[in-house]
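All values below come from the heavy atoms of this structure, side chains included, with hydrogens, waters and symmetry mates left out.
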Amino acid sequence: MRTVTIVGASLAGLYAARELRAQGFDGRLVIVGAEPHHPYDRPPLSKDFLLGRADENRLALADPEETAALDAEWLLGVRARGLDTRGRTVLLGDGRTVSTDGVVIATGAAARRLPGDSLAGVHTLRTLDDARALRADLTRGPRRVVVIGGGFIGAETASSCARLGHAVTVVEAAPLPLVPQFGARMAAVCAALHRRGGVELVTGTGVAALRGTATVTGVDLTDGRTLPADVVIVGIGAVPHTSWLTGSALALHDGVLCDDGCVTALPQVVAVGDVARAGGTRAEHWTSATEQPRVAVTNLLAGRTLTTARPVPYFWSDQYGCRIQFAGRYREGDTVHVTEGEIADDGAPGASGFLARYERDGRTVAVLGVDRPRAFLRARRALQRTEGRPDERRRVAPAVL
Ligand code: FAD
């Protein structure tokens with residue numbers, strides 16, 4: 001393989017570049033990125049960056065020495081607009097083309113949009129530029145902030161805005177936020193965290209429309225109420241960046257379909273990170289984006305699926321001064337036991353946090369920790385031993401071309 005092109009210059013793309021060099025690829029390495037920035041870390045955007053505790057320099061994922069050592073051609077600020085798999089060419093938005101033998105798709109996801117979200121004062125939070133714009137709006141004095149969506153981005157931005165002294169309301173369509181991720185019992189703990197943080201949580205109602213002419217003035221709810229707002233943050237999920245692959249003959253369905261080894265229907269094309277639907281699931285977690293490139297690159301260089309991985313999913317979230325960590329796969333019907341620490345009377349975590357285990361058929365399938373890093377790490381390791389083995393039967397073959 002003489003040339004490998006990585007499309008997407010962020011976390012998974014950078015880790016793929018590192019793996020290529022670490023695994024001995026010494027050919028031409030091209031990295032295409034739609035954003036003008038070198039890879040930077042997204043998790044601080046909703047946390048320390050918004051709070052003004054981390055400046056932009058601290059977000060960089062690689063220092064200049066490492067970037068130079070990767071010996072890559074960085075094509076930044078340009079979007080790939082197509083992949084000609086027959087001609088083995090990546091087509092760029094500015095008309096250029098890159099001939100390539102192998103492709104790593106690492107285009108991540110974009111924030112899901114709401115109709116009317118182009119009004120001034122309405123934000124999504126996915127990129128550094130989004131975070132800069134939001135931070136600028138939040139420094140104009142006390143604001144009435146409405147956060148639409150009680151997922152992780154919504155909860156973290158609500159927490160940051162409240163800490164900055166703004167009046168914050170979170171609107172969540174479901175009766176509780178984060179039920180699909182944590183189940184109802186732990187979702188209730190997250191709801192209590194909002195209340196403890198001084199944030200109003202409005203649940204069980206959707207958003208009918210954003211109000212305002214040039215600038216947002218409020219949010220109309222489907223139950224007939226209007227919440228006045230100076231700043232609105234739309235946190236209603238992310239959509240994988242796959243539109244540039246339409247017509248490429250790759251199978252696309254809420255992500256790029258690939259097997260447990262991140263290999264698509266074409267052995268010379270692999271997908272990693274938030275855009276990859278690997279083995280039937282698509283993760284939107286930092287850790288998956290850093291773990292997948294190892295197997296993906298091994299398989300890309302081998303020209304076939306040599307190795308697969310099905311690690312136990314892991315993610316963390318920082319909200320209202322608490323670190324929430326979760327590992328495993330929650331399924332409706334799992335029973336949840338708090339095995340260390342406690343939940344306080346207000347329904348939020350007790351002063352020393354807690355550890356909860358999710359059980360199914362007598363075995364632990366997931367663990368959730370709040371401010372219990374050591375106990376959580378032990379439980380996560382145990383889970384990896386029992387649940388993290390590669391399971392060939394679960395391999396999902398990508399659709400054939
Ligand atoms: P991305 O980081 O989305 O990068 C994809 C890159 O590809 C982008 O730069 C994009 O512009 C580029 N691109 C897209 N289309 C094209 C194209 N056609 N051509 C060229 N380039 C293209 N995870 C956790 O586990 N814990 C957290 O606390 C946490 N906090 C987060 C907070 C925020 C605000 C956000 C946004 C995410 C957070 N995450 C967290 C998720 C984590 O950051 C992502 O899982 C991770 O960034 C995924 O990396 P990626 O490289 O796959 O995709």
Audit row: Arg310, Thr308, side-chain contact (heavy atoms from CB on, under 4.5 Å) steps and yes/no:
CA-CA 7 Å; Arg310 197 165 182 272; Thr308 63; over 6 Å; no
If you compare all heavy atoms of [X] against all heavy atoms of [Y], which two are closest, and at what distance to 0.1 Å?
X      : Y      : result
Met1   : Asp101 : CG-CB, 3.5 Å
Ser46  : Ser160 : O-OG, 2.7 Å
His337 : Thr335 : NE2-OG1, 3.8 Å
Val104 : Leu300 : CG2-CD2, 3.9 Å
Leu119 : Gly212 : CD2-O, 3.9 Å
Arg21  : Asp71  : NH2-O, 2.9 Å

Are the side chain of [X] and the backbone N or O of [Y] linked by a donor-acceptor pair below 3.5 Å?
X      : Y      : answer
Arg2   : Arg28  : no
Arg135 : Phe49  : yes
Arg380 : Val312 : no
Asn299 : Leu306 : yes
Arg112 : Gly237 : no
Thr100 : Gly102 : yes
Asp130 : Arg126 : yes
Glu156 : Lys47  : no
His241 : Gly108 : no
Ser248 : Leu83  : no

Pair [X] + [Y]: basic N to acidic O under 4.0 Å:
X      : Y      : value
Arg195 : Asp346 : no
Asp254 : Arg282 : yes
Arg132 : Asp129 : yes
Asp318 : Arg323 : yes

Would a 4.5 Å heavy-atom cut-off, applied to side chains only, mark [X] and [Y] as touching?
X      : Y      : answer
Cys258 : Val270 : no
Ile6   : Leu20  : yes
Val256 : Pro240 : no
Val199 : Ser159 : no
Arg211 : Thr226 : yes
Pro39  : Trp74  : yes
Cys322 : Leu193 : yes
Val7   : Trp244 : yes

Report the C-alpha distance between Leu266 and Leu250 in whole Å, list the side-chain angles of each, state the deciding distance to 0.1 Å, and finish with yes or no for side-chain contact (heavy atoms from CB on, under 4.5 Å).
CA-CA 8 Å; Leu266 298 172; Leu250 293 180; 3.9 Å; yes
With rounding to the nearest 0.5 angstrom, report the [atom1] to [atom2] distance, [X] to [Y].
X      : Y      : atom1 : atom2 : result
Glu66  : Leu14  : CD    : CG    : 5.5 Å
Phe152 : Cys190 : CZ    : SG    : 7.0 Å
Ile105 : Thr264 : CD1   : OG1   : 6.0 Å
Leu138 : Leu50  : CG    : CG    : 5.5 Å
Ile233 : Thr124 : CD1   : OG1   : 10.0 Å
His37  : Leu128 : NE2   : CG    : 4.5 Å

Does a sphere of radius 6.0 Å around [atom1] in [X] hold more than 12 heavy atoms from other residues, nucleotides or ligands, not counting ones at 6.0 Å or beyond?
X      : atom1 : answer
Arg294 : CZ    : no
Asp63  : CG    : yes
Arg18  : CZ    : yes
His253 : NE2   : no
Asp345 : CG    : no
Arg81  : CZ    : yes

Sole candidate of Arg140, Arg144, His166 that passes side chain to side chain donor-acceptor pair (under 3.5 Å) when paired with Asp230:
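So the option named by the test is Arg144.
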Could you check whether Arg42 and Ser10, counting side-chain N and O atoms only, form a donor-acceptor pair closer than 3.5 Å?
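Short answer, yes.
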Would you kindly say whether Thr205 and Thr222 are connected by a side-chain donor-acceptor distance under 3.5 Å?
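Present: a donor and an acceptor within the cut-off.
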Stepwise side-chain contact (heavy atoms from CB on, under 4.5 Å) check, Ile148 with Leu210
CA-CA 11 Å; Ile148 301 174; Leu210 298 175; 3.9 Å; yes
What class does the angle between the rings of Tyr320 and His194 fall in, given that below 30° is parallel, 30 to 60° is tilted and above 60° is perpendicular?
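Because their plane-to-plane angle is over 60°, the rings of Tyr320 and His194 count as perpendicular.
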Just say parallel, tilted or perpendicular for the rings of Phe315 and Phe182, cut-offs at 30° and 60°.
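Plane angle under 30°, so parallel.
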Test Tyr314 against Gln384 for side-chain contact (heavy atoms from CB on, under 4.5 Å), laying out the working first.
CA-CA 10 Å; Tyr314 164 75; Gln384 269 157 350; over 6 Å; no
